[in-house]
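Data block below; observations after.
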Amino acid sequence: MLKTTALTAAFALVAGAALAEPQAYSFDTSHSQIVFDYNHLGFSTTTGMFGDITGQISFDPEDPAASSVEASFPVASLMTGFAGRDEHFQSPDFFGAEGAAPEVTFVSTGIEVTGDTTAMITGDLTLNGVTQEVVLDTTLNQQGNHPMENKPWLGFDATTTLLRSDYNMGMFAPAVSDEVQVTISVEAMAAEE
């Protein structure tokens, strides 16, 4: 009887550990975007957006601090609503600096849980050939079954502030704000096994 009880307890522990393993999610590129804005000479707030974002999330609902995220997007996906500005941003003055990679990447290095649905995600952002540590103030909007796709889904929003000059893109600063406000919205679907 003692052996049976011990064996049952061991199986329960193993089953519990299996349930607590992180779950893999892939970005839903069609519902993920990065919007940025900055002050233009004190006259206006200029806005732009990046798309074509891909990435993976390892999400541990039992221990969110043990989760991780990797993401990337092409610089060429930049849109500001004005073709001349887009072209200038792709030039060596900004994103097209010599030796700059055509992709922007983010790899998380740590997560500090700050509330039931909030966390500060620290990671390495590589942009324009420069890698800097950034912190994303993140909110889990929803976790559940997608009503149309009928599979597990996650939705997050995050914000951060970057300095253009940290990434060799400081032209016209500080007249044109060096600070850039970044807003990220991501949906991710359970990865195919």
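Remember, predicted model here, so these are calculated numbers, not experimental data.
- For Glu149, the CD atom counts as densely surrounded, since its 6.0 Å shell holds more than 12 non-hydrogen atoms of other residues, nucleotides or ligands.
- Residues Ile121 and Val134 form no side-chain contact, since every pair of their non-hydrogen atoms from C-beta on lies 4.5 Å or further apart.
- A donor-acceptor contact closer than 3.5 angstrom links the side chains of Ser185 and Asp157.
- In this structure, Thr118 OG1 and Glu112 CD are separated by 9.5 Å, a value rounded to the nearest 0.5 Å.
- Within the 4.5 Å cutoff, side-chain heavy atoms of Lys151 are placed close to those of Glu192.
- When all heavy atoms are compared, the tightest approach of Asn141 to Phe156 is ND2-C, 3.4 Å.
- Between Ile111 and Thr122 there is no side-chain heavy-atom pair separated by less than 4.5 Å.
- Other residues, nucleotides and ligands contribute more than 12 heavy atoms inside 6.0 Å of the CG atom of Asn145.
- Between Glu103 and Val75 there is no side-chain heavy-atom pair separated by less than 4.5 Å.
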Review point. Please walk me through it: do Gln23 and Tyr25 pass side chain to side chain contact (heavy atoms under 4.5 Å, CB included)?
Key: CA-CA 7 Å; Gln23 300 164 6; Tyr25 290 81; 3.1 Å; yes

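- Note on Val130 and Val180: same hydrophobic cluster, where clusters join Ile, Leu, Val, Met, Phe, Trp and Tyr whose side-chain heavy atoms are under 4.5 Å apart, directly or indirectly.
- Taking the side chain as every heavy atom from C-beta outward, Thr126 and Val104 never approach each other to under 4.5 Å.
- Side-chain contact between Gln143 and Pro61 is present, with at least one heavy-atom pair separated by less than 4.5 Å.
- Note on Leu136: it does not cluster hydrophobically with Val107, by side-chain heavy-atom contacts below 4.5 Å among ILVMFWY residues.
- When every heavy atom of Met169 is checked against every heavy atom of Arg164, the shortest pair comes out as O-NH1, 2.6 Å.
- The one candidate from Phe50, Tyr167, Phe36 that meets the ring-ring contact (aromatic ring centres under 6.0 Å, His included) condition with Phe95 is Phe50.
- Val182 and Tyr38 fall within the same hydrophobic cluster, defined by Ile, Leu, Val, Met, Phe, Trp and Tyr side-chain heavy atoms under 4.5 Å apart, directly or through other members.
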Check your understanding: Going through the distances and angles, do Phe106 and Val69 end up as a side chain to side chain contact (heavy atoms under 4.5 Å, CB included)?
Key -> CA-CA 8 Å; Phe106 175 82; Val69 60; 3.8 Å; yes

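- With no hydrogens or angles considered, a side-chain donor-acceptor pair links Thr80 and Asp86 at under 3.5 Å.
- At a threshold of 4.5 Å between side-chain heavy atoms, the hydrophobic network of Ile, Leu, Val, Met, Phe, Trp and Tyr places Phe82 and Leu41 in two separate groups.
- In plain terms, the two heavy atoms of Asp60 and Ser67 that are nearest each other are N-OG, 2.9 Å.
- Closest non-hydrogen pair, Ile53 versus Gln33, comes out as CD1-CA, 3.4 Å.
- The two atoms that bring Gly51 and Pro74 nearest to each other are O-CD, 3.9 Å, heavy atoms only.
- Considering all non-hydrogen atoms of both residues, Asn128 and Gly96 come closest at OD1-N, 4.2 Å.
- Contact annotation: the side chain of Met171 approaches that of His88 to within less than 4.5 Å [non-hydrogen atoms, C-beta and beyond].
- No side-chain heavy atom of Leu125 sits less than 4.5 Å from a side-chain heavy atom of Gln132.
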**Study point:** Derivation of the side chain to side chain contact (heavy atoms under 4.5 Å, CB included) call for Leu140 and Phe59
**Key:** CA-CA 11 Å; Leu140 172 63; Phe59 183 66; 4.2 Å; yes

Review point. Going through the distances and angles, do Phe27 and Glu187 end up as a side chain to side chain contact (heavy atoms under 4.5 Å, CB included)?
Key: CA-CA 6 Å; Phe27 281 31; Glu187 289 188 30; over 6 Å; no

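- When hydrophobic clusters are built by joining Ile, Leu, Val, Met, Phe, Trp and Tyr residues whose side-chain heavy atoms come closer than 4.5 Å, directly or via intermediates, Leu162 is grouped together with Phe172.
- Under the side chain to side chain donor-acceptor pair (under 3.5 Å) rule, Gln181 has a single partner from Thr47, Asp37, Thr45, Thr161, which is Thr161.
- In summary, the side chains of Asp178 and Ser165 do present a donor paired with an acceptor at a separation below 3.5 Å, with no hydrogens or angles considered.
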